[in-house]
Student: 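This structure is in C-alpha cells; I'll ask about it shortly.
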Protein chains: 2
Amino acid sequence: MSEPDHVDEIISAWHVQLPEIAGLPLELAKRSALLTAAFDEVAARELERLRLTQAEYGVLAVLRRVGEPYRLRPSELTGALLLSSGGTSNVLKRLGAAGLVSREADADDGRSTWVRLTPRGVEVAEAAVRAVTAAHARIVDRIPRAEAELLNNVLKDVLAAVEEGVLVRR
Amino acid sequence: MSEPDHVDEIISAWHVQLPEIAGLPLELAKRSALLTAAFDEVAARELERLRLTQAEYGVLAVLRRVGEPYRLRPSELTGALLLSSGGTSNVLKRLGAAGLVSREADADDGRSTWVRLTPRGVEVAEAAVRAVTAAHARIVDRIPRAEAELLNNVLKDVLAAVEEGVLVRR
DNA sequence: ACGAAAAAGCTATGTGGAAAGCTTTATGCT
DNA sequence: AGCATAAAGCTTTCCACATAGCTTTTTCGT
C-alpha cells in the first residue's frame with residue numbers, strides 16, 4: 001500500500017461515521033471522478049481560450065473525426081455526444097452563427113438536414129482537438145509510462161465488464 | 001490485448017484522420033470519462049428519487065461525514081465540494097427551505113455562519129449516501145474483485161502522480 | 001391508398017450552477 | 001489608532017443544457 005491520500009481520509013471518516021459506506025465502491029467512484037475531473041479541468045481551460053463549450057467541442061470533434069466531407073445529421077450528433085435533441089439544436093445554431101458549420105437540406109428525407117464543417121470549422125476543430133489532446137498529454141506525462149498503460153488496460157477490461165447494462169456511448 | 005471496444009473505434013478513426021491525436025492520453029481521458037459517467041449515471045438516478053441535486057447531495061454528505069454536531073461553515077462546504085461560493089449559497093437556501101439544514105450566526109466571526117443538519121437532514125443524508133453507495137456497489141459488483149482492487153490501487157498511484165500541480169480537492 | 005404511429009428536429013420554458021459585484025466584518029501595516 | 005486590504009458570503013445576472021411539446025415528414029399496417 002502507498003501512503004494515505006485525500007480519498008483515504010474521506011474513507012476513514014465514513015468508517016467512523018457509517019462504516020458500511022466506507023468500501024471499495026466509494027473509493028473507486030471518488031478516484032475515478034478525480035481523474036476525470038483532472039482531464040476535464042485542463043480541457044476546459046483550453047476550450048475557454050478557443051471560446052468553445054464542451055458541447056460545441058464535441059460536435060466539432062465528431063464532425064472532424066468522420067472525415068470528408070465532414071458531414072452528419074443532427075440525430076447522429078445527438079447520439080454520438082451525450083446531448084438532448086434540443087441541446088444539439090442550440091449548439092448547432094451557435095456553431096452556425098460562428099461560421100463553423102453550415103447546413104443543407106437532405107434531398108431524400110424532408111425532415112432531416114445535414115450539418116457540415118465549413119473550412120474554418122475544420123481549422124477550428126483541428127486546433128481544438130490538438131489543444132485538448134496536448135493538455136491531456138501533459139497530465140499523462142506525469143505518470144510513468146508503464147503505469148499509464150497498465151491503467152488504460154485495466155480500465156478497458158473494467159469498462160467491458162461494467163458496460164453490459166449501463167447505457168454509455170460516445 | 002482484449003477485443004476492440006468503442007473507444008478503440010474512436011482511436012482508429014483519429015488514426016486515419018489526424019494520427020497525432022490517437023494516443024494514450026486520448027484513450028485514458030475517454031475511458032476515465034466513461035467509468036465516471038457510469039458511476040454518475042446511477043447516482044443521479046438515486047438522487048432523482050430523493051429529489052436531490054448532485055450539489056445538494058454533496059453538502060448533505062459532507063455534513064454527515066464530519067460527525068456530530070454535523071456543522072460546518074459555508075466556506076468549508078465551498079472548499080470541500082467543487083462549488084462556487086454563490087452556488088453554495090443557492091444550495092444552502094434550497095436545503096434550508098426543505099428543512100434539511102438550519103443556520104446560526106457565528107459568535108466569533110460576524111461575517112460567517114454555521115450550517116447544520118437538522119434531524120431530518122441527518123436522516124435524508126444517510127438515506128442518500130446509502131442509496132448512492134449501493135448503486136455504485138452494483139456497478140463494482142460486475143467487476144471481478146481482484147481487478148477492481150487492482151484498478152483502485154493503480155488509480156491511487158496515478159492520482160498521486162497527477163495531482164501534484166492540478167487543483168482538485170474533495 | 002389511406003390513416004395511424006413513429007421519427008426528426010425545432011421552439012419555448014425551466015433549472016442548476018458559474019461569474020461578477022456588493023456588503024459587512026476582520027486583519028494587517030504604518 | 002486609523003486606513004487599506006483581504007476575506008466571508010449573499011445577490012444578481014447569465015448561460016448552457018434538459019425537458020416537454022409541437023410541426024413536418026416518413027413509414028407501416030391493413
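All of these numbers come straight from a predicted model, not from anything done at the bench. Letters A, B, ... mirror the listed sequences (proteins, then strands); counts begin at 1.
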Student: Under the salt bridge (charged side-chain N to carboxylate O under 4.0 Å, His left out) definition, can you give me all pairs with a residue in residues 78-89 of chain B, not counting sequence neighbours?
Tutor: none
Student: Heavy atoms within less than 4.0 Å of DNA chain C: which residues of residues 47-62 of chain A have one? Give them sorted by number.
Tutor: none
Student: Tell me the ring pair (Phe, Tyr, Trp, His ring centres under 6.0 Å) pairs involving residues 72-117 of chain A, sequence neighbours left out?
Tutor: none
Student: Once you round it to whole Å, what is the distance between C1' of dT12(D) and CG of Asn90(B)?
Tutor: 10 Å
Student: Tell me which of Thr113(B) and Gly87(A) sits closer to the 5' end of DNA chain D, going by the nucleotide each one is nearest to.
Tutor: Thr113(B)
Student: Who pairs with Tyr57(B) by ring-ring contact (aromatic ring centres under 6.0 Å, His included), at least two apart in sequence or on another chain?
Tutor: none
Student: I'd like the 5' and 3' limits of the part of DNA chain C contacted by chain B, with heavy-atom contacts below 4.0 Å.
Tutor: dG16(C) to dA26(C)
Student: For residues 15-24 of chain B, which residue pairs qualify under salt bridge (charged side-chain N to carboxylate O under 4.0 Å, His left out), counting only residues two or more places apart or in two chains?
Tutor: Arg130(A)-Glu20(B)
Student: Can you list the residues that meet the side chain to side chain contact (heavy atoms under 4.5 Å, CB included) rule with Arg116(A), with sequence neighbours excluded?
Tutor: Pro69(A), Arg71(A), Ser102(A), Glu104(A)
Student: When you measure from every atom of DNA chain C, which of residues 99-112 of chain A have a heavy atom less than 4.0 Å away?
Tutor: Arg103(A), Arg111(A), Ser112(A)
Student: Enumerate the ring pair (Phe, Tyr, Trp, His ring centres under 6.0 Å) contacts for residues 140-159 of chain A, please, sequence neighbours excluded, ordered by first and then second residue.
Tutor: none
Student: Look at all strands and tell whether Thr88(A) reaches a base, only sugar-phosphate, or nothing, counting heavy atoms closer than 4.0 Å.
Tutor: nothing
Student: Could you tell me which residues satisfy side chain to side chain contact (heavy atoms under 4.5 Å, CB included) with Asp157(A), sequence neighbours excluded, listed by chain and number?
Tutor: Ser2(B), Glu147(B)
Student: Rounded to 10°, tell me the angle between the two end axes of the helix from dA1(C)-dT30(D) to dT30(C)-dA1(D), each built from five pairs.
Tutor: 30°
Student: Tell me which pairs pass ring pair (Phe, Tyr, Trp, His ring centres under 6.0 Å) where either residue lies in residues 118-163 of chain A, with sequence neighbours left out.
Tutor: Phe39(A)-His136(A)
